[in-house]
Amino acid sequence: MHTLNDAAYSGRIDLHCHSTASDGILSPAQLVSRAKSQGVTLLALTDHDTVAGLAEARLTGRDLGVGILPGIEFSTRWGKHPVHVVGLNIDTGAPALQRAIELRGRLRRQRAEEIAGRLEKRGFAGALEGARALAGDSVLGRPHFARWLVQAGHVEDSAQAFKRYLGAGKAGDVKVDWPPLEDTVATIRAAGGQAVLAHPLKYGLTRTRLRGLLSAFAACGGRAVELLCGRQNPVQTRDLQRLVASLAEEDGAPLYASLGSDFHQPEQPWRELGSVHLPAGVEPVWKLWQTSRQ
Ligand code: MN
Ligand code: MN
Ligand code: MN
């Protein structure tokens, strides 16, 4: 179990960010230092499909007085639609969690090999070895292929790599059959954590479909939704807040409110650590574990 004291809730709270353990560019230690300098007192590290950065984050958090909440951002799917679910306050040693992480590791390795094969067919020999070398211990993904394409002189920068070869509809856009939403929520619950639907406004769903997703998520044990994630305009936030409230009334399925920057790198100031704040009148997700503690 976590051992957060009240001081962890006294400053800014950020429950979604990434380190070099997945596709962030700061090490867990650097990330926690930066969070400290931004006034963050409670940080959940939520790397994609891994908890490998947590031990280092905890050590730095202890030194600097930043509360570290163990988290993860799982790739999953609602029907055929890819969605992300954040697990907060998880027991990182739970067997169910470890199995879910291993499965996604396999799926990501298969995808990386498929991407490399497609790039090599286009004449980019050595893509797999090159991207692997850049990834080091982190999970190999498209950002590493992008960096390799830049390094090998095939493109000017990562943006061009995505535009030409890796982005939607391009050769490197390999779909993965992620485990379904219900399984993912069950995994997080089995690890003693709270399942949070990540960035609900980023899936390109109509209001009706989004309502369906929220409803399905709550029905299978999801407990919270990111009311704010990264850059979001206040009108969108208010609409989402209303949608969640109406769902609670009609379905009797209250979802608590979470928030996070989705920080990946310092060069993206619109998702700086600690930069988002919950609006008044919502029940914050941390109520769930604060009350269960008593
Ligand atoms: Mn990412
Ligand atoms: Mn995400
Ligand atoms: Mn994220």
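Heavy-atom basis, side chains included; hydrogens, waters and symmetry copies ignored. Counting starts at 1 for both ligands and their atoms, following the listed order. Predicted model, so just to flag it, every value in this text is computed and none were measured.
Because its NZ or CZ atom is both nearer than 6.0 Å to the ring centre of F74 and within 45° of the ring axis, R104 counts as a cation-pi partner of that residue.
Rounded to the nearest 0.5 angstrom, L140 CG and L134 CG are separated by 9.5 Å.
Neither side chain, E226 nor S258, offers a donor N or O lying under 3.5 Å from an acceptor on the other. Using modelled atom types, one finds no donor on one side chain facing an acceptor on the other under 3.5 Å when comparing Q265 with H18.
At a threshold of 2.8 Å, the Mn ion (ligand 1) has a backbone or side-chain N, O or S atom of H48 nearer than that distance. Residue H84: no N/O/S atom is found under 2.8 Å from the Mn ion (ligand 3). Among the atoms of D262, no N, O or S atom is found under 2.8 Å from the Mn ion (ligand 2). For the Mn ion (ligand 3), the set of nearby N, O or S atoms under 2.8 Å includes one belonging to H18. Contact annotation: E73 places no N, O or S atom under 2.8 Å from the Mn ion (ligand 1).
Within D23, the N/O/S atom positioned nearest the Mn ion (ligand 1) carries the name OD2.
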### Message
The test is salt bridge (charged side-chain N to carboxylate O under 4.0 Å, His left out); show your working for D239 and R207 and say whether it passes.
### Response
CA-CA 10 Å; D239 283 353; R207 191 181 164 87; 5.3 Å; no

